[in-house]
*Asks:* 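One structure coming up, written as structure tokens, with questions to follow.
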Amino acid sequence: MLTQLLTRFARRKNPDFRLDPAISSGMIWAFSMHKLGWWLRSWMLLFRGKVPKMWFLGPRVRIQYPGNMQIGRYVNIHEGAYLSALGKYPLVIGDHVNIGAYSRLVISQTFHDLGAYIRIGDRVGLGDFAHLGGAGGLEIGADCIIGAYLSCHPENHVFSDPEVPIRLQGHTRKGIKIGRNCWIGAKVTILDGVEIGDNCVLAAGAVITKSMPANSVIGGVPAKVLKTRSTPIPKASDLSMLDSTQRSVSSVD
């Protein structure tokens, strides 16, 4: 019975899902009890004016300003994650989204100058320890798979006047947009003003400082297009940096 329920649930996100033959009934039972606890924890949000729609919250999840959030169905938010929707527009999370452990999704951190928004599309898998800001607006398209430690910073500080402290010179905000169906490796950093097209692969450790076209394989510090996906996607070993000075990227995670 539990096997059938688990399979039906998983196929809502992946129609081709099949249980591995090595999965035992004990593993299924333990997983089911684990998820039941997370589901029950989500009902605590009733006291903050939110009716959960099949959300699963791990221990020590912190959610601030839930009234400015729009969260879809079948969303997993793992332990220690922190979501703050203090912003001009909502923090939006689509259906079947996974937020990794100890990730931070923060639109704003001050009442002085509110940030814009964070929008995450359906079926996005966000790895552990992500740091997503929303000051200038951040959008992640549907079906993206993302490794640990993704860092997105849709804001830059002005530092043109050497006589004035940088913290007093203001900032610029252009926003970040990541297209659909992208594979983003571990420890990628994306800076303000960047737009990444659909179907891209971003190599682990890349620092993205400028916009990239769709169907690109991208890597480096600063990042550049290594090749397009009109040809077969390279193996992980082929994504080591082409320049000897850019050895910080060695594989796609």
Side-chain angles (χ1 to χ4, degrees), residues 38 41-42 44-45 47-50 52 55-72 75-95 97-122 124-142 144-158 166-178 182 184 186-196 202 206-209:
W38 283 30
R41 188 179 290 112
S42 73
M44 295 296 293
L45 291 175
F47 296 103
R48 303 182 67 183
K50 277 289 184 182
W55 303 344
F56 300 88
L57 304 186
R60 299 181 301 282
V61 169
R62 294 175 58 206
I63 294 179
Q64 284 195 305
Y65 312 104
N68 198 36
M69 292 183 182
Q70 299 174 10
I71 303 179
V75 171
N76 286 275
I77 304 177
H78 288 252
E79 61 269 23
Y82 172 61
L83 284 67
S84 173
L86 178 65
K88 297 176 182 178
Y89 307 103
L91 190 161
V92 179
I93 298 175
D95 297 339
V97 170
N98 186 84
I99 306 296
Y102 303 102
S103 293
R104 292 176 58 87
L105 283 67
V106 179
I107 298 177
S108 304
Q109 299 189 75
T110 175
F111 287 98
H112 169 67
D113 188 7
L114 291 183
Y117 58 82
I118 296 174
R119 299 171 185 159
I120 299 177
D122 297 340
V124 169
L126 180 65
D128 299 340
F129 296 99
H131 187 109
L132 307 185
L138 169 64
E139 182 175 345
I140 300 177
C144 288
I145 53 176
I146 300 168
Y149 294 96
L150 171 67
S151 182
C152 294
H153 305 278
E155 180 179 46
N156 269 325
H157 289 283
V158 176
I166 293 173
R167 66 182 180 83
L168 300 179
Q169 293 189 50
H171 48 252
T172 60
R173 293 173 173 175
K174 299 178 182 178
I176 294 172
K177 183 176 181 180
I178 300 171
C182 291
I184 301 177
K187 300 183 180 179
V188 167
T189 299
I190 303 175
L191 301 184
D192 191 32
V194 166
E195 182 170 346
I196 296 170
L202 281 61
V207 177
I208 318 296
T209 61

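A quick note: this is a predicted structure, and the numbers were derived from the prediction, not measured. As a basis for the values below, the full set of heavy atoms in this structure was taken, side chains included, without hydrogen atoms, waters or symmetry mates.
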*Asks:* Under 6.0 Å from the CD atom of Glu79, do we count more than 12 heavy atoms belonging to anything else shown?
*Replies:* yes
*Asks:* Under the 3.5 angstrom rule, does the side chain of Asp122 hit a backbone N or O of Gly94 as a donor-acceptor pair?
*Replies:* no
*Asks:* Can you tell if the side chain of Asn156 reaches within under 4.5 Å of the side chain of His171, non-hydrogen atoms only?
*Replies:* no
*Asks:* How many angstroms lie between atom CG of Asp113 and atom NZ of Lys88, to the nearest 0.5 angstrom?
*Replies:* 6.0 Å
*Asks:* Looking at every non-hydrogen atom in both residues, tell me the closest pair between Gly136 and Arg173 and how far apart they are.
*Replies:* CA-CB, 3.8 Å
*Asks:* Distance-only, no hydrogens or angles: does the Asp128 side chain make a donor-acceptor pair with backbone N or O of Ala148 under 3.5 Å?
*Replies:* no
*Asks:* Donor-acceptor check, side chain of Trp55 to backbone of Arg41, threshold 3.5 angstrom: yes or no?
*Replies:* no
*Asks:* For the residue pair Leu202 and Ile208, establish whether any side-chain heavy-atom pair is separated by less than 4.5 Å.
*Replies:* yes
*Asks:* Between atom CG of Leu126 and atom CG of Leu132, what is the distance when rounded to the nearest 0.5 Å?
*Replies:* 5.5 Å
*Asks:* Just checking, any donor-acceptor pair under 3.5 angstrom between side chains of Tyr102 and Arg60?
*Replies:* yes
*Asks:* When rounded to the nearest 0.5 angstrom, what distance separates CD1 in Ile71 from CD1 in Ile93?
*Replies:* 4.5 Å
*Asks:* Distance from Ile99 atom CD1 to Ile120 atom CD1, nearest 0.5 Å?
*Replies:* 4.5 Å
*Asks:* Going by the rule salt bridge (Lys or Arg N to Asp or Glu O under 4.0 Å), which residues pair with Arg104 if we only count those two or more places apart in sequence or in a different chain?
*Replies:* none
*Asks:* Distance only, no hydrogens: is a donor on one side chain within 3.5 Å (strictly under) of an acceptor on the other, for Tyr117 and Glu139?
*Replies:* no
*Asks:* Which value, rounded to the nearest 0.5 Å, describes the distance between Thr172 atom OG1 and Glu155 atom CD?
*Replies:* 7.5 Å
*Asks:* From Ile145 CD1 over to Ile184 CD1, what is the distance, rounded to the nearest 0.5 angstrom?
*Replies:* 9.5 Å
*Asks:* Could you tell me whether a side-chain N or O of Ser108 sits under 3.5 Å from a main-chain N or O of Thr110, the two making a donor and an acceptor?
*Replies:* no
*Asks:* Listed by chain and number, what are the ring pair (Phe, Tyr, Trp, His ring centres under 6.0 Å) partners of Tyr149, not counting sequence neighbours?
*Replies:* Phe129
*Asks:* Would you check if the side chain of Ser151 reaches a backbone N or O of Thr189 as a donor-acceptor pair within less than 3.5 Å?
*Replies:* no
*Asks:* Do Arg119 and Ile140 have side-chain heavy atoms sitting under 4.5 Å apart?
*Replies:* no
*Asks:* Taking Gly175's backbone N and O only, do any of them form a donor-acceptor pair with Asp192's side chain (distance below 3.5 Å, no angle check)?
*Replies:* yes
*Asks:* Is it true that a side-chain atom of Ser84 and a backbone atom of Val106 form a donor plus acceptor pair closer than 3.5 Å?
*Replies:* no
*Asks:* Check Ala81 against Gly100 and note the closest heavy-atom contact, atom names and distance.
*Replies:* CB-O, 4.1 Å
*Asks:* Output yes when a side-chain donor or acceptor of Asn68 lies under 3.5 Å from a complementary backbone atom of Ala85, and no otherwise.
*Replies:* yes
*Asks:* Just by modelled atom types, is the Tyr82 backbone N or O under 3.5 Å from a matching donor or acceptor in the Arg62 side chain?
*Replies:* no
*Asks:* Assess whether atom OH of Tyr89 is packed by more than 12 heavy atoms of other residues, nucleotides or ligands within 6.0 Å.
*Replies:* no
